[in-house]
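Structure, as structure tokens:
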Amino acid sequence: MVVFFRTWALGIKSLMLHPLRSGLTVLGILIGVAAVIWLLAFGEGISREAQKQIEGLGAENILVRSVKPPSEATANQRGAIPYGLTREEFDTLVQTIPTIKSAIPIREMRRQIRYQGRLIDGRLVGCTPEYAEVTRLEIDRGMFLTDDHQRHKQSVCVLAANVAERLFPYEDPIGRRVYLADHTDYYVVVGVLRPKNATAAIGGSLDAQDFSNDMYIPISTCRQRIGDIVVNRGSGTFSGEILQLNQITFRVNGIDNVMRTADLIKETLKSHDRKQDVAVIVPQELLEQAKTTRLMFMVLMGFIAGISLLVGGIGIMNIMLATVTERTREIGIRRALGARRTDIVRQFLIETVSLSVVGGATGIGIGLLCPYMVGWVRDFAFRNWAEVMNSLPAVVKSVEPHIVPLSIPLAFSVSVVVGVLFGIYPAIRAAQMDPIEALRHE
Amino acid sequence: MNIACRATELTKEYVLKGETVRALRGVSFDVPEGDYVAIMGPSGSGKSTLLNLLGCLDRPTLGNLFLGDKDVAKMNDDQLSNIRATRIGFVFQSYNLIQQLTVVENIEVPLYYQGRASSASRKRCKYLAEMVGLGDRLGHRPTQLSGGQQQRVAIARSLVNDPYFILADEPTGNLDSNTTLEILNLFAELNKNGKTIILVTHEDEVARHTKRIVRLRDGLIQSDTRN
């Protein structure tokens with residue numbers, strides 16, 4: 001035991017002869033280990049985020065969305081092309097599939113919203129009263145749309161927090177009339193929502209949704225006042241599209257029925273297969289996919305971290321080979337004074353393991369700081385380069401790294417293994433030296 | 001009288017660039033305990049080869065070499081290491097102290113490889129350091145010492161494992177004449193106290209301080225005389 005501690009102390013002493021060199025070697029391992037923890041933490045954070053969002057869609061829900069066909073598919077056709085889900089299909093689905101508990105038809109479009117002199121770009125959403133519950137919108141003042149509004153096609157609307165704030169900076173929006181640009185119809189504000197965070201895109205079929213500029217009206221009103229034809233004016237050109245529904249959100253009676261119902265829906269909507277203008281999104285399915293993706297992501301992250309550890313290990317080996325050459329004479333002296341080959345191997349191994357363990361331990365420390373550091377860096381970046389930061393994808397803005405507990409012992413044992421693995425060759429080389437030659441070495 | 005070291009028909013051959021070089025061609029001699037022998041000879045006489053064999057750093061091609069009652073001629077690497085650690089005290093021309101260790105720690109190194117390093121051995125190392133006149137420099141590093149002082153540390157180190165003999169390779173080669181004398185006096189004193197010393201040198205000045213001179217020439221003993 002005494003001998004072991006002495007060897008250790010000696011190793012540390014030898015390493016301290018070259019503090020800069022040892023420090024840089026430690027840095028190599030440190031970065032590797034911290035990378036393992038950071039990358040796994042980010043991977044975990046991102047996949048949790050995705051999981052939360054998918055769960056937010058509701059495991060009992062099925063989303064069917066209209067997808068605009070690619071422009072080349074319609075390039076040789078003139079005028080506005082009808083595509084997507086129809087109300088007829090909506091009725092068919094609701095009436096023929098018994099496992100559907102409720103269904104919400106949704107119509108969305110970009111519109112400018114006006115109140116007196118103020119004008120903002122917003123998203124007009126035609127929907128039914130259940131929409132608030134399904135997308136977890138919370139009412140701040142007033143109320144959400146009601147069945148009454150829906151039935152009587154009333155000209156009422158509910159505003160998202162941001163819209164309300166910008167159109168009505170000084171007054172209470174409830175009861176006021178807002179206008180859509182290009183239209184002379186007005187909508188009476190009946191409710192204002194609380195602010196809601198944007199969601200990230202999931203897969204290819206569900207875009208990121210930003211709820212901050214929304215204006216909700218009953219879908220019946222929407223059909224009557226606006227209709228199915230949407231004309232988008234650009235500079236010197238305009239294009240039209242004919243679309244009855246953007247999305248239908250189905251609720252299924254029981255989680256076990258979700259997959260079967262989804263199959264029935266797909267079967268019913270088979271006519272869209274050729275045009276591929278409808279996508280069926282099953283959150284439950286996405287959840288499964290997300291798990292696989294998460295695993296792949298972890299493997300990839302582990303691979304990258306592994307490479308950085310490999311680089312750190314090569315750094316150790318490089319330094320130790322230099323050290324062995326430099327200390328040839330010391331090896332000769334020790335051999336002459338009775339050191340066996342195994343003593344020499346042990347001595348050099350202890351040095352490499354010390355380097356990698358110190359690197360590993362500090363790496364873990366820095367790895368654990370990850371969540372805090374990400375917070376600070378992000379705050380700092382938002383304060384100084386707000387525009388750049390705002391243009392970044394939502395994932396970058398919102399991801400919270402989540403330390404995977406297993407990554408700590410993993411990182412530590414990997415660092416020890418790296419020390420042994422990359423230290424063994426230089427150590428054996430040192431031990432194989434002929435003591436006579438080594439003593440003669442200048 | 002007990003024998004510290006006995007060589008019988010020691011032969012050592014090297015293969016150098018396809019040619020066999022016979023460095024030693026049958027060397028026999030005894031070193032009784034308490035002797036003080038100088039091994040001399042011009043370069044190429046086999047002096048260094050004999051030194052390496054006596055120091056158990058190398059194995060003879062033929063012949064036997066007894067240290068005490070053990071024949072080291074056929075030992076393997078680990079056994080030789082063990083003999084070096086327990087039975088031989090080395091003193092080198094260039095001192096060969098370990099730079100990152102202090103005086104006391106340097107003296108302790110041979111014990112360390114016998115697994116005998118302990119607080120009791122620390123005391124012994126301090127005592128030896130005092131004996132060679134470095135009692136006030138225990139915590140110094142080799143670079144903070146003069147050549148003569150470093151050689152004293154090396155001598156103290158050679159004594160720590162209570163060896164069969166001290167094997168000194170040109171111990172005064174790097175020292176000025178005053179310091180040389182001091183070191184030789186130290187050896188003489190150790191010998192007077194019963195230590196066996198084998199000293200390899202090419203200087204007659206140094207050899208004159210010993211009790212016996214063995215001269216080598218072309219791998220054979222040319223003469224073996226007592227002063």
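In what follows, every heavy atom counts, from backbone to side chain, and hydrogens, waters and symmetry copies are set aside. Quick note on labels: first sequence line is chain A, next is B, and so on, each numbered from 1.
Distance check: B:Tyr113 OH to A:Arg335 CZ gives 10.0 Å after rounding to the nearest 0.5 Å. If you take CZ on A:Arg440 and OG on B:Ser94, they are separated by 12.0 Å, rounding to the nearest 0.5 Å. In this structure, CG on A:Asp343 lies 7.5 Å from OG on B:Ser81, to the nearest 0.5 angstrom. For the atom pair CZ (A:Arg340) and CG (B:Leu80), the distance works out to 13.0 Å, reported to the nearest 0.5 Å. Atoms CD1 and CD1, from B:Ile98 and A:Ile333 in turn, are 5.5 Å apart once rounded to the nearest 0.5 Å.
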B:Gln100 and A:Glu330: CA distance, side-chain angles, deciding distance, side chain to side chain donor-acceptor pair (under 3.5 Å) verdict: CA-CA 10 Å; B:Gln100 60 266 42; A:Glu330 182 195 323; 3.0 Å; yes
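Within a 6.0 Å radius of CZ in A:Phe382, other residues, nucleotides and ligands contribute more than 12 heavy atoms. The number of heavy atoms from other shown groups lying within 6.0 Å of NZ (A:Lys13) is above 12. More than 12 heavy atoms of other residues, nucleotides or ligands sit less than 6.0 Å from atom OH of B:Tyr14. Under a cut-off of 6.0 angstrom, the local environment of CD in B:Glu19 is sparse, with at most 12 non-hydrogen atoms contributed by other residues, nucleotides or ligands. Atom CZ of B:Arg124 has more than 12 neighbouring heavy atoms from other residues, nucleotides or ligands inside a 6.0 Å radius.
For the pair A:Arg329 (side chain) and B:Asn96 (backbone), a donor-acceptor distance under 3.5 Å is absent.
Using a 4.5 Å cut-off between heavy atoms, B:Glu105 contacts chain A through its side chain alone, with no backbone atom that close. If you measure heavy-atom distances from A:Arg327 to chain B, the contacts under 4.5 Å come from the side chain alone. If you measure heavy-atom distances from A:Gln347 to chain B, the contacts under 4.5 Å come from the side chain alone. Of the atoms belonging to B:Arg157, it is side-chain heavy atoms, and not backbone ones, that fall under 4.5 Å from chain A.
A:Leu337 pairs in a side chain to side chain contact (heavy atoms under 4.5 Å, CB included) with only one of the listed residues (B:Val160, B:Val109, B:Asn161, B:Asn106), which is B:Val109.
Residues of residues 304-324 of chain A placed with any heavy atom under 4.5 Å of a heavy atom in chain B are absent; none qualify.
Of the charged side-chain nitrogens involved, at least one lies within less than 4.0 Å of a carboxylate oxygen, so that B:Asp77 and A:Arg341 count as a salt-bridged pair.
Between chain B and the residues A:Leu439, A:Thr342, A:Asp434, the largest count of heavy-atom pairs under 4.5 Å involves A:Leu439.
The minimum heavy-atom distance linking B:Leu57 with A:Pro435 is given by the pair CD2-CB, 3.9 Å.
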